[in-house]
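To start, the structure under review is shown below, and the notes come after it.
Labels below follow one simple rule: chain letters A, B, ... track the order of the sequence lines, proteins then strands, and each chain is numbered from 1.
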Protein chains: 2
Amino acid sequence: MTDRADAGRDVVVRRGGVPEATVGRLPLYHRVVVDLADQGVETVSSEALAATAGVSPAKLRKDLSFLGSYGTRGVGYEVSVLIDQIGAELGISSEWPVVIVGVGHLGHALANYGGFASRGFRLVALFDDAPQLVGTEVAGLTVRPFADLPAVARTDGVLIGVVATPAPAAQQVADALVAAGVNSILNFAPVVLSVPSSVDVRRVDLASELQILAFHQQRRGNDLTQVAR
Amino acid sequence: MTDRADAGRDVVVRRGGVPEATVGRLPLYHRVVVDLADQGVETVSSEALAATAGVSPAKLRKDLSFLGSYGTRGVGYEVSVLIDQIGAELGISSEWPVVIVGVGHLGHALANYGGFASRGFRLVALFDDAPQLVGTEVAGLTVRPFADLPAVARTDGVLIGVVATPAPAAQQVADALVAAGVNSILNFAPVVLSVPSSVDVRRVDLASELQILAFHQQRRGNDLTQVAR
DNA sequence: ATCTGTGAATTTCTTCACAGCA
DNA sequence: TGCTGTGAAGAAATTCACAGAT
């Protein structure tokens, strides 16, 4: 551990290097401070903010410290400053164009989700090949055939795509997205997408989430049985 | 580190203690092995299975080792054995009754999600107070008023609930779920639920997922700009 | 006096690398 | 020989605990 010459130059300055675990919590923090601002709160301590977000105060402070020193010792954080700084870190100042592929119930739900604009996203197109859907209007956008993707992606510079199709269609949709220049994919279909390593995929899977809950539920049950020792 | 008498008794036997990170991947593994079985695959190496699931072989082997030794050295894993063992660990043999509250587009999407039964869940009721929804049939179930929750929860022994309501309603729905004996909640509303510590809540937040993607996207862009030291 | 910011300790997770079994 | 199972090493994340700013 104290081996291997700490020759002095590996001080790891963490150039903008926010740890992944922290990145995963920034959207939550952002949401919470925006809510606080809406309630008229101007200043908040790490303890109060942590309680609202459901994390420990130490974790919250450490997370925020990666963005810089925006708190005041003895006082707390100014809510408006946090909104700006976390927002900047998340790129909320930008307006990322996003497309959704698949306009079933889930696609509908996503399209009608209110928070796009306020979080730095602009929904630019909805795609679905079902004849009864193409041409209909959803969330203020006309549903287009999937074949239109390349044109839209080029015109609007789309880098982020949402896959909300049934499982069997997901892989070919992903392939088309990648071919159209999309390199961040949010996948709601219950399959593991195969994409080039340059493409970032996040899976959201209802069944997995339920199964994780069920696992803990089951463990609790077992604990009751096996408490002795 | 070698301080403090290793008096010999803290050998941590890991009594059924599967690490949390592993638990989070078990549903993925389960899905992948079920898919393999559907394709007629009977045996699979950790390398092939890991590639399909999108994780490293070492991680996969370590994860599976927490469940026991179900592979054969020099050969690989028998797919059917993995299905059984991972399924058992996740409690798929049981049939967890689940309720969904909120039958908007998202609730519809969740209710019509095919995989409930095959993953150990049984959807027992859908709740919504919108007059135009109550009494209608969705996914083979009649939508009921939320006031029916306590009765249903008691009758069916519901321990897991899904919140698919708009944000403003989510907290009071959660309160009612907890009061009705539900202690695992999957929350799709973009709010942090306040619940007793005995209740396990998992959040699924579309905007957060998109923001995490956007963060990485932004970082990639910056890297291109700032490559030269 | 209070509350942040952060090194250091601790815990958890991942990866390595190879002994051991088929 | 080939691939699992797993200690040990390494990396990452979390928590501790307190110095330092207001």
Side-chain angles (χ1 to χ4, degrees), chain A residues 1-6 10-14 16-26 28-29 33 41-79 81-82 85-86 89 212 216, chain B residues 1-4 6 10-14 16-26 28-29 33 41-79 81-82 85-86 89 212:
Chain A
M1 202 205 254
T2 357
D3 263 2
R4 185 71 77 82
D6 272 43
D10 55 317
V11 188
V12 180
V13 188
R14 194 175 286 287
V18 180
E20 198 49 40
T22 297
V23 172
R25 286 183 294 264
L26 289 181
L28 168 63
Y29 298 155
V33 289
V41 177
E42 291 179 353
T43 296
V44 68
S45 69
S46 65
E47 185 161 345
L49 186 50
T52 315
V55 303
S56 73
K59 191 190 279 186
L60 176 85
R61 289 205 299 280
K62 176 80 59 178
D63 282 341
L64 293 182
S65 78
F66 292 125
L67 314 191
S69 297
Y70 298 115
T72 309
R73 291 170 198 238
V75 180
Y77 300 89
E78 223 178 305
V79 170
V81 171
L82 286 187
Q85 294 304 329
I86 300 173
E89 196 68 35
I212 293 167
H216 291 138
Chain B
M1 202 209 253
T2 356
D3 262 4
R4 184 73 78 82
D6 271 43
D10 55 316
V11 188
V12 181
V13 187
R14 194 176 285 291
V18 180
E20 197 49 39
T22 297
V23 173
R25 286 184 293 265
L26 290 181
L28 169 63
Y29 298 155
V33 290
V41 177
E42 290 180 353
T43 296
V44 69
S45 69
S46 66
E47 185 162 345
L49 185 50
T52 315
V55 303
S56 73
K59 189 189 280 186
L60 177 86
R61 290 204 301 278
K62 177 74 72 171
D63 281 342
L64 293 183
S65 78
F66 292 124
L67 314 192
S69 298
Y70 298 116
T72 309
R73 293 174 198 235
V75 179
Y77 300 90
E78 223 178 305
V79 170
V81 171
L82 287 187
Q85 295 303 328
I86 300 173
E89 197 67 34
I212 293 167

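- Here the shortest heavy-atom pairing between A:Tyr77 and A:Gly71 reads CD2-CA, 3.4 Å.
- Note: CD (A:Glu20) to P (C:dT14) measures 12 Å, nearest angstrom.
- Contacts between residues 41-51 of chain B and DNA chain D, defined by a heavy-atom separation under 4.0 Å, are made by B:Ser45, B:Ser46.
- Looking at residues two or more places apart in sequence or on another chain, you find a side chain to side chain contact (heavy atoms under 4.5 Å, CB included) between B:Thr22 and B:Val18, B:Pro19, B:Arg25, B:Leu26, B:Asp63, B:Phe66.
- When side chains are defined from C-beta on, B:Arg61 counts as touching B:Pro57, because their heavy atoms get closer than 4.5 Å.
- Distances shown here put every side-chain N or O of A:Tyr70 at or beyond 4.0 Å from the OP1 or OP2 atom of C:dC3.
- Side-chain contact between A:Leu64 and A:Tyr70 is absent, with no heavy-atom pair separated by less than 4.5 Å.
- Listed nucleotides: C:dT15, C:dC13, D:dT15. Nearest to the side chain of A:Ser56: D:dT15.
- Rounding to whole angstrom units, CG of residue B:Leu64 and P of C:dT14 are separated by 14 Å.
- Here the P atom of nucleotide C:dC13 and the CG atom of B:Asp63 are 10 Å apart, to the nearest Å.
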remark   = Scoring nucleotides 16-22 of chain D by protein non-hydrogen atoms under 4.0 Å (B base, S sugar-phosphate only, - none) yields -B-BBBS

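- Atom CG in A:Leu67 sits roughly 15 Å away from atom C1' in C:dT6 (whole-Å rounding).
- Nucleotide D:dA9 holds its P atom 21 Å from the NZ atom of B:Lys59, rounded to whole Å.
- Here C:dT4 presents its P atom at 13 Å from CD of A:Glu78, a figure rounded to the nearest Å.
- Counting heavy atoms from C-beta on, the side chains of A:Leu82 and A:Leu49 come closer than 4.5 Å.
- For the pair B:Thr72 (side chain) and B:Val75 (backbone), a donor-acceptor distance under 3.5 Å is absent.
- The side chain of B:Tyr77 contributes an N or O atom lying less than 4.0 Å from OP1 or OP2 of D:dG5.
- Annotation: side chain of A:Glu89 is not in contact with side chain of A:Tyr29 (no heavy-atom distance under 4.5 Å).
- Contact record, A:Val79 with A:Thr43: CG2-N, 4.0 Å, taken as the closest heavy-atom pair.
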